[in-house]
Amino acid sequence: MTQLVVGRVQISEAARVTGATARSLRFYEQEGLIQPGRCANGYRDYCAATVDRVLLVRSLLDSGLPTALIQRVLSAPAASTEPAAPVPDALRAEVELYRQRVAVQVERLTARLSALDDLLAG
DNA sequence: GTTCTAACA
DNA sequence: TGTTAGTA
């Protein structure tokens with residue numbers, strides 16, 4: 001598949017369409033979450049695939065996954081930009097472990113809600 | 001004017 | 001992450 005040259009944008013536009021700040025975009029690159037290209041003047045240039053990738057990264061970040069784990073999950077062979085792409089077993093185990101920890105947090109928060117409900121009801 | 005890197009009242 | 005400084 002050929003990349004559309006018309007889809008290349010610089011950081012401000014990439015930030016606008018993804019909802020991330022330019023600062024965040026540079027941070028994602030620094031953490032190896034995205035790899036935007038570079039223009040002759042040194043400016044970063046975001047192709048459609050990279051913009052798409054930013055969207056995926058953000059959704060994963062929203063789910064609470066640590067950037068370090070996201071970096072490994074997305075650098076895996078099969079998982080490039082497809083959210084549904086198969087995740088290698090070793091990484092899947094880490095994601096599941098993280099999910100379990102989130103579940104524990106949910107239980108604690110639920111308990112806190114109950115405590116507050118009791119306070120308000122009592 | 002926009003982006004870049006580096007760094008922090 | 002924000003923000004500012006000094007550039008290219």
Side-chain angles (χ1 to χ4, degrees):
Chain A
M1 290 178 241
T2 28
Q3 284 300 314
L4 268 33
V5 291
V6 293
R8 296 179 142 350
V9 296
Q10 53 185 180
I11 202 166
S12 63
E13 177 64 1
R16 190 184 70 72
V17 301
T18 60
T21 61
R23 176 78 168 82
S24 297
L25 257 22
R26 295 190 185 98
F27 178 69
Y28 296 161
E29 178 181 358
Q30 195 180 317
E31 297 303 299
L33 270 32
I34 58 176
Q35 304 183 244
R38 289 280 177 166
C39 297
N41 61 7
Y43 287 14
R44 270 166 269 248
D45 78 279
Y46 298 74
C47 62
T50 299
V51 169
D52 213 44
R53 171 88 163 203
V54 172
L55 261 16
L56 174 58
V57 167
R58 297 206 87 205
S59 70
L60 260 23
L61 245 19
D62 282 339
S63 73
L65 285 178
T67 58
L69 184 51
I70 294 176
Q71 193 283 114
R72 280 174 294 154
V73 169
L74 297 186
S75 63
S80 55
T81 35
E82 300 303 327
V87 179
D89 291 19
L91 291 178
R92 170 174 290 169
E94 283 194 63
V95 176
E96 292 179 335
L97 175 60
Y98 185 78
R99 204 211 91 102
Q100 186 52 230
R101 287 175 177 163
V102 171
V104 169
Q105 294 301 304
V106 169
E107 287 178 24
R108 290 175 178 163
L109 290 174
T110 299
R112 287 166 63 175
L113 280 180
S114 295
L116 292 173
D117 286 340
D118 290 345
L119 177 63
L120 294 173

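Naming: A, B, ... by sequence-line order, numbering from 1 per chain.
- Distance alone, capped at 3.5 Å, places no donor-acceptor pair between the A:Arg53 side chain and the A:Pro36 backbone.
- A:Arg26 comes within 4.0 angstrom of a nucleotide base, judged by non-hydrogen atoms across all strands.
- A sub-4.0 Å separation between OP1 or OP2 of B:dT5 and a side-chain N or O of A:Arg38 is present.
- One atom, CD1 of A:Ile11, and another, C1' of B:dC4, lie 9 Å apart when rounded to the nearest Å.
- A:Asn41 has its CG atom 11 Å from the P atom of B:dT5, to the nearest Å.
- Taking both residues in full, the closest heavy atoms of A:Ala15 and A:Ala22 are given as CB-N, 3.9 Å, listed atom of the first, atom of the second, then distance.
- Residue pairs that meet the salt bridge (Lys or Arg N to Asp or Glu O under 4.0 Å) test with at least one member in residues 17-35 of chain A, sequence neighbours left out, are A:Glu29-A:Arg38, A:Glu29-A:Arg44.
- Other residues, nucleotides and ligands contribute at most 12 non-hydrogen atoms within 6.0 Å of the CD atom of A:Gln35.
- Side chain of A:Phe27, nearest nucleotide from B:dT3, C:dT1, B:dC4: C:dT1.
- The phosphate of C:dT1 has OP1 or OP2 within less than 4.0 Å of a side-chain N or O from A:Tyr28.
- The CG atom of A:Leu56 sits 12.0 Å away from the OG1 atom of A:Thr50 when rounded to the nearest 0.5 Å.
- Looking only at side-chain heavy atoms (C-beta outward), A:Leu60 and A:Leu33 stay at 4.5 Å or farther from each other.
- At C:dT1, one or more side-chain N or O atoms of A:Ser24 fall inside 4.0 Å of OP1 or OP2 (strictly under the cut-off).
- Rounded to whole Å, atom P of C:dT1 lies 6 Å from atom CG of A:Leu61.
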Tabulate atom names and distances for all N/O pairs under 3.5 angstrom spanning the protein and nucleotides 6-9 of chain B.
none

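- A straight line from CZ of A:Arg44 to P of C:dA8 spans 17 Å, rounded to a whole angstrom.
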* To do: Any chance you could lay out the side chain to side chain contact (heavy atoms under 4.5 Å, CB included) test for A:Tyr46 and A:Thr18, step after step, and finish with the verdict?
  => CA-CA 11 Å; A:Tyr46 298 74; A:Thr18 60; over 6 Å; no

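- Between A:Arg99 and A:Glu96 there is no salt bridge, since no side-chain N of the basic residue sits under 4.0 Å from a carboxylate O of the acidic one.
- Taking atom CD of residue A:Glu29 and atom P of nucleotide C:dT1, one finds them 15 Å apart after rounding to whole Å.
- Remark: DNA chain B takes part in the stems B:4-8 with C:2-6, each of 3 or more antiparallel Watson-Crick or G-U pairs, criterion distances under 3.5 Å.
- Distance CG (A:Leu25) to P (B:dC4): 9 Å, rounded to an integer number of Å.
- In terms of heavy-atom proximity, A:Val17 sits nearest to A:Val51 at CG2-CG1, 3.8 Å.
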